[in-house]
Amino acid sequence: MTVTEQPAVLTIAGSDSGGGAGIQADLKVFTANGCYGASVAVALTAQNTRGVQAVYASPPAFIEQQLRSVLDDIPIKAMKTGMLFDVSSICTVVQVLRSHYAKDPESIPPLVCDPVCVSTSGHNLLQPDAVNVLVSELLPLVFLFTPNKSEAEIILSSHGLEPSDIIDLEGMVEASQALLTLGPKNVLLKGGHLTTTYNEVLKFRAARPDVRMVSTNFDGENTEILQAAGYDTQDCEVVVDVLRTPQRVALFLHPRVDSTSTHGTGCTLSAAIASQLAHGKSVNDGTALAIEYTHTAIESAIPIGKGHSPLNHGHALIMRTIPKATPRDPYPFVRMLIQSTTQQWKAYVEHQFVQQMARGTLPLECLQHVTKQGALYLKYYGRAHGLLVAKSSSSAEIKAASNTIIDVLNEVSPSNTARARWGVTDVDIHLTPESTATTAYGAFLMDCGLRGDGMSVTMAAAACLIGYGEVGLWFKKEQSRPGTWVVVEGNPYAQWFEQWSGEQYQTAVKTGMDILETIAAEDSPSPARFEEWRTVWERCTELERGFWDMALQQS
């Protein structure tokens with residue numbers, strides 16, 4: 001990393017002798033997010049995971065000396081304030097900032113203000129008379145204000161603003177607007193002290209279409225396969241942070257983690273946002289990245305001390321393109337593949353071909369064409385796995401690929417009578433020329449097998465395996481809805497969906513996803529390698545869609 005890639009960020013806050021919050025945490029966060037950290041100690045604390053035992057305020061003159069020393073020498077790209085403790089500290093900070101940037105007030109770096117009022121253990125970290133001064137003097141300089149529920153209530157109440165008691169998501173949105181009137185350019189109202197569910201947020205969002213929802217940690221459309229495998233967030237408890245800018249409101253969602261490793265969460269989040277702003281990110285993008293970083297820091301924390309443990313600030317220093325699997329997210333690799341190709345994935349698994357099958361309206365000639373072309377495609381599939389056998393390094397891998405070849409041979413053998421009910425004979429298949437879609441798909445499979453390694457072939461097969469499983473579960477879900485459009489009674493194609501959503505096929509899907517996750521975990525890819533895998537997945541998703549496009553052209 002070169003100097004130009006490591007912007008300097010300044011924290012103006014109190015220390016934490018336990019290392020989990022304050023300037024100690026901020027400096028760790030800056031480093032983990034690719035920044036150079038500088039600090040001004042406003043106060044010293046005797047503190048550990050069980051609480052704050054004492055606070056010693058730095059003399060205002062010394063705060064000024066520290067701040068001028070840093071600003072006169074280091075090109076600060078972003079700043080954050082944490083615990084400012086009392087009136088004199090706040091006034092000193094404001095005075096120095098105004099003085100240093102007096103010639104060009106607009107040149108002041110983006111300032112993130114985390115109004116640390118009370119510690120987790122209940123220790124007062126901001127004197128009561130300092131609240132009004134923080135609002136009147138500091139907030140006009142602030143780019144992003146990041147209070148939590150309790151801090152917002154204290155500030156709103158002291159200024160006679162509503163709602164001074166925040167009890168739900170609607171109250172958070174109203175409070176964020178009230179806080180914006182106090183002077184900061186943007187407000188992030190943190191929701192860690194409020195409990196809601198993903199479904200409740202969706203209901204709120206439906207009533208407020210003007211509100212943007214950012215939920216990268218949650219499954220969206222066409223992810224029934226992830227929910228069935230354990231990644232079900234539909235009714236889980238969530239934390240919602242509300243970002244209010246002059247233009248709009250955005251809700252940032254992430255699953256609530258049952259953890260006691262939360263000491264310094266507010267410091268961590270504000271420091272991470274400041275880091276992203278220093279890198280030139282917008283307030284929306286920077287907040288999203290910082291929330292993801294903080295959430296992972298909680299989820300991956302290792303308990304330290306006898307109280308509320310600190311977060312794992314260094315998790316980002318371990319280069320991991322694909323997150324480690326967790327009980328909440330057992331298939332992070334598959335999730336990333338689907339999320340990185342949402343449009344192509346939706347066009348594939350909600351294709352008109354399968355929708356017409358579910359309605360029972362698909363012309364028979366379309367299914368007959370797919371059946372014949374599918375048999376021709378399976379030969380490519382078997383050949384590709386023959387290449388996989390040659391490239392396998394263990395007996396288990398050779399056996400798995402060989403079993404796939406046997407399954408393909410059984411599927412295309414003359415003894416297979418399953419195709420007869422659709423009026424397709426082995427002679428028909430033998431005499432049928434390959435369509436362009438079949439040749440394109442088969443050629444891509446063979447190319448993956450010839451040029452790539454075993455993972456390339458495995459990736460090429462994954463889109464078909466997982467996609468059909470997704471289709472089966474999606475229609476099973478749609479079938480259960482009142483007034484469903486899915487037709488079962490008298491539908492000649494109903495057994496297809498029953499097969500795809502059935503235990504046997506879903507077990508095969510789970511096995512396939514387990515293989516992908518195991519390979520990704522044991523041989524964690526570089527970003528470039530991951531992009532190779534993702535490109536194979538994307539291309540095969542498009543080829544699967546093309547296969548069904550081809551079929552509909554026969555009607």
Could you list the donor-acceptor pairs under 3.5 angstrom formed between side-chain atoms of residues 20-41 and any protein atom two or more places apart in sequence or on another chain?
from : atom 1 : to   : atom 2 : distance (Å)
Q24  : OE1    : D16  : N      : 2.7
Q24  : NE2    : D16  : O      : 3.0
D26  : OD1    : K80  : NZ     : 3.1
D26  : OD2    : T11  : OG1    : 2.6
D26  : OD2    : K80  : NZ     : 3.2
K28  : NZ     : G19  : O      : 2.8
T31  : OG1    : L27  : O      : 3.1
N33  : OD1    : Q276 : NE2    : 3.3
N33  : ND2    : V29  : O      : 2.9

Of all pairs that satisfy salt bridge (charged side-chain N to carboxylate O under 4.0 Å, His left out), the ones with a partner from [range], not counting sequence neighbours:
range            : value
residues 516-528 : none
residues 51-60   : none
residues 166-188 : E170-R208
residues 281-291 : none

Can you check whether [X] reaches [Y] side chain to side chain, under 4.5 Å on heavy atoms?
X    : Y    : result
D241 : L251 : no
L144 : L111 : no
L139 : F145 : yes

Please name all residues satisfying side chain to side chain contact (heavy atoms under 4.5 Å, CB included) with H100, sequence neighbours left out, ordered by chain then number.
L71, D72
Donor-acceptor pair, distance only, cut-off 3.5 Å: does the side chain of [X] make one with the backbone of [Y]?
X    : Y    : result
T262 : T265 : no
S340 : L337 : yes
Q177 : R244 : no
S157 : I154 : no

In plain terms, say whether D73 and R68 are close enough for a salt bridge, that is, a side-chain N and a carboxylate O under 4.0 Å apart.
no
Salt-bridge present (E200, K203; N to O < 4.0 Å):
no
